[in-house]
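Sequence lines set the chain letters: A, B, ... in the order given, protein chains first and strands last, and positions in each chain run from 1.
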Amino acid sequence: MEPEEPGRPRRLRLLKGKGRSSTVAVHDEAEVPLGETSGLRFIAGFIRRDKIALTGAIGIGIFFVFGLIQGILETVSDYTHNLALSYSILPSNPFTFNFANSLAPPTFANFPVGIFGYDEVGRSILSRILYAIPKDALASVLIVISAIVIGMFLGISAGYLGGWADEILMRVTDAFLAFPLIVFAVALSLILGNGYTVVLVALTIVWWPTYARFFRAQALTLKSRGYVEAARLSGLSPLSIIIRHIFPNAIDPIVAIATLDFGNVILVYSTLAFLGIGVQVGQPELGSMAASGLQYVPHSWWFPLFPSLVIMAIVVCYSLLGDRIQDMVGGRLSY
Amino acid sequence: MDSRFLMFVARRAVNAVITILIMIALMFAIIHLVAPTPQDLARLYVGTHFTVPELNQIAHRMGFYQPIYVQFYNYVTGIFHGNLGTDTQYGIPELLVLQEYFPVTLNMVVLGTILGIIIGIFTGAIAASNRNTGTDYGIKAIYLGTWAAPIFLVGVFLQLVFAYELGLLPTGQVANPTLAIPPAVTGLPLIDAILAERWVYLYSYLRHLVLPAVTIAVISFGGITRLTRATMVDSLDKDYVKLAYMKGLPKRQVVWGTAFRNAIIPIITLMALSFAFTVGGSVVVEDIFSYHGIGFFFVNAAYNLDYPAILAITVVVGLAVIIANFIADILYGIMDPRVRLT
């Protein structure tokens, strides 16, 4: 463990819940004195005791690692015009029609190609789901991170400076938050023109106000802390105070919210795809697969069901992990 | 009604009005950023099948050559006069379209939200009073599942099970289309049918309402369960709850009479947020159940790139949400006097 800089607490220290009890008992055995929590011990305790959050973490890990590899393959194949490369690690080609299998139900024959059934032109639903994963992974990461960055700058400055800047920011975020998410995102992406990038931009525009409000609240509480006042008295400029003191201390609690939010982004993103927003013709997309499968309900229930279940599984993993991180940040839990 | 409370209401009202104005300005700015020239604007409002001279003429007629502040003034006054543009699909004013479709959605969303709130509050309170037991974990598993489920999964699932497999409920539509629609008095189908004493229509309407409203309830109750559980857990740790137990009151009375009443207040704010969320969700729900409300119309407009309709719906829905937030704020103030001081 490297030496700690004064004024910049390491992440783990914030997880301990400032100034409350010295130990937090979650499970009856092994109350770990908080002062002794080290990074390694934390991870070991996490793996040993928290099977539920571990499941979430593993699920998300697989989602991201697979998304990264598949995403790289798809991008490379796009640039080299070598389509075969983009599905080289998938069970089957997600684009070729095979009418013999048209709307065939899930089957264990030819494992694992057919376990989720086939769509209306006989493409493996599993392959198409896997092909669509990188877009969802990228969307969730990009949107949450850009929303955090924008919200951080505006929220912290408004909260710290107060007065008119604060008042204006609050009313603007009120106005943004008044639009129901899906309605506003659809309107924006239609006005800006259709496409994947447009959906990312539209969702970022929809997403930042929540974070702005959150960071503002953080800045307001941190502003009155002793070390911030000491910094102000010592003549530090507002900008340096924000950068050196407010920001490092405001970022920790955001981790929990962001983890839960990754799942929300995927939900809204797939809902937009369900409505046909940001989908390119022929490209697999979880939401749009569910939408096209809807025409074949009730006979081919597997067609809309499995893409939706995959979305649900991803979001559940995020919730399991995010819930637990929130408990840790809130000081209710420690290992 | 003391003067402090009136001040509180006045301050919230001013905030709401400012928010509405900023929201309208936001819409105006987005439109003008995307369509910077008068021709672009005209194309946005009347569709693409016009020649450039025709577009110029339309732009002149609609005042798009005027200075930007005049346009803004016209836009704002237009909205408050109910002038939301003309629909490019139907060729009638948007206000008429909205009058037709919005009440249908409002009826469904309000009933669905109320159902979701009731389920959420009860499951949350039950989970909190049985903390860290099987019941608690069971409720958590259920709400995590419904929370994480995409709206269309819930809708399709309910439709598959209750409409197609069991045949208990209709698969879609607002009511049986062969029945005459009761004359519009309030616009809300439920109240209109009662006023006109059309009991057959009312029965059909309610049967068709069940699945969409339940879908809305299912997707929205998770957040409320979560918050209710959290506030109830706090409330159950308070001294007055311990006192109630010490007085020898039965658990049921302590949970529902003492702890529950104090835990309910923070949930009101979430109810308004929940309303905004479900209005957005109604877009998908109505698409699945072919429920002809504003969401169905919105999706239709999106497919046909009917920009005036999209903009009008966005503004009207935003207004509805701001009003809902305002009402929630006031309710909050009534129920918790401490809020009025801030």
Side-chain angles (χ1 to χ4, degrees), chain A residues 52 167-168 170-194 205 260 263-264 266-268 270-277 286-287 290-291 293-294 297-299 301 304-305 307-320 323, chain B residues 15-16 18-27 30-31 33-35 44 140 144-145 147-154 156-157 159-160 163-165 226 273 275-284 287-288 295 298-299 301-303 305 307 310-311 313-315 317-322 325:
Chain A
I52 292 175
E167 200 58 38
I168 291 171
M170 290 313 284
R171 294 290 84 74
V172 169
T173 50
D174 270 349
F176 267 96
L177 291 171
F179 298 114
L181 227 112
I182 293 169
V183 172
F184 196 33
V186 170
L188 275 176
S189 21
L190 285 177
I191 293 172
L192 298 172
N194 213 342
I205 295 176
L260 288 172
N264 286 339
I266 289 178
L267 276 183
V268 174
S270 59
T271 305
L272 291 187
F274 178 85
L275 297 171
I277 309 289
L286 295 176
L294 214 54
V297 161
H299 169 260
W301 47 267
L305 197 67
S308 319
L309 283 179
V310 168
I311 298 170
M312 185 171 155
I314 298 170
V315 182
V316 165
C317 286
Y318 274 124
S319 311
L320 292 178
D323 253 7
Chain B
N15 271 359
I18 294 174
T19 309
I20 288 172
L21 286 177
I22 292 178
M23 184 197 79
I24 293 171
L26 198 72
M27 253 359 246
I30 291 170
I31 296 167
L33 281 175
V34 175
L44 202 67
K140 180 158 189 181
L144 269 182
W147 199 13
I151 307 170
F152 44 87
L153 175 65
V154 178
V156 170
F157 180 77
Q159 197 181 36
L160 262 174
Y164 288 114
E165 282 301 317
R226 209 175 119 92
L273 287 177
F275 174 73
F277 172 71
T278 46
V279 168
S282 74
V283 172
V284 179
D287 194 42
I288 290 169
F298 185 73
V299 173
Y303 287 148
L305 295 183
Y307 289 106
I310 293 164
L311 297 174
I313 293 171
T314 312
V315 167
V317 167
L319 281 177
V321 171
I322 292 175
N325 281 338

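Minimum heavy-atom separation, B:V156 to A:P304: CG1-CG, 4.5 Å. The nearest pair of heavy atoms linking B:T314 to A:A187 is OG1-CB, 3.6 Å. Smallest separation of non-hydrogen atoms from B:I322 and A:A178: CG1-CB, 3.4 Å. When all heavy atoms are compared, the tightest approach of A:T271 to B:F152 is CA-CE2, 4.0 Å. For the pair A:V183 and B:G280, the tightest heavy-atom approach, listed with the atom from each and the gap, is CG2-CA, 4.2 Å. Residue B:T19 comes nearest to A:A175 through the heavy atom pair CG2-N, 3.5 Å, listed as atom of the first residue, atom of the second, then distance.
Although no hydrogens or angles enter the test, the distance criterion places a donor-acceptor pair under 3.5 Å between the side chain of B:Y307 and the main chain of A:L190.
Taken to the nearest 0.5 Å, the CD1 atom of B:I310 stands 7.0 Å off from the CD1 atom of A:I191. Rounding to the nearest 0.5 Å gives a distance of 8.5 Å between CZ of B:F298 and CG of A:L275. A:F176 contributes atom CZ, which lies 4.0 Å from atom CG of B:L26 (distance to the nearest 0.5 angstrom). A distance of 5.5 Å separates CZ of A:F179 from CE of B:M27, quoted to the nearest 0.5 Å. From B:F277, atom CZ reaches atom CG of A:L181 across 8.5 Å, with rounding to the nearest 0.5 Å.
Contact check for B:I151 versus A:F274: no side-chain heavy atoms found under the 4.5 Å cut-off.
With a threshold of 4.5 angstrom between heavy atoms, A:L188 approaches chain B through side-chain atoms but not through N, CA, C or O. In this structure, chain A has heavy atoms under 4.5 Å from both the backbone and the side chain of B:I22. Neither the backbone nor the side chain of B:F275 has a heavy atom closer than 4.5 Å to any heavy atom of chain A. Only the side chain of A:L260 comes within contact range of chain B, with at least one heavy atom under 4.5 Å from a heavy atom of that chain. Looking at B:L144, the atoms closer than 4.5 Å to chain A (heavy atoms on both sides) sit in the backbone and in the side chain alike. Interface residue B:N15: backbone and side-chain heavy atoms are both found under 4.5 Å from chain A.
Among residues two or more places apart in sequence or in another chain, the side-chain hydrogen bond (donor to acceptor under 3.5 Å, both in side chains) test is passed with B:T278 by B:T113.
Residue-environment remark: CG (A:L192) exceeds the threshold of 12 foreign heavy atoms within 6.0 Å.
No other option in B:I30, B:V299, B:L311, B:L319 has as many heavy-atom pairs under 4.5 Å with chain A as B:I30.
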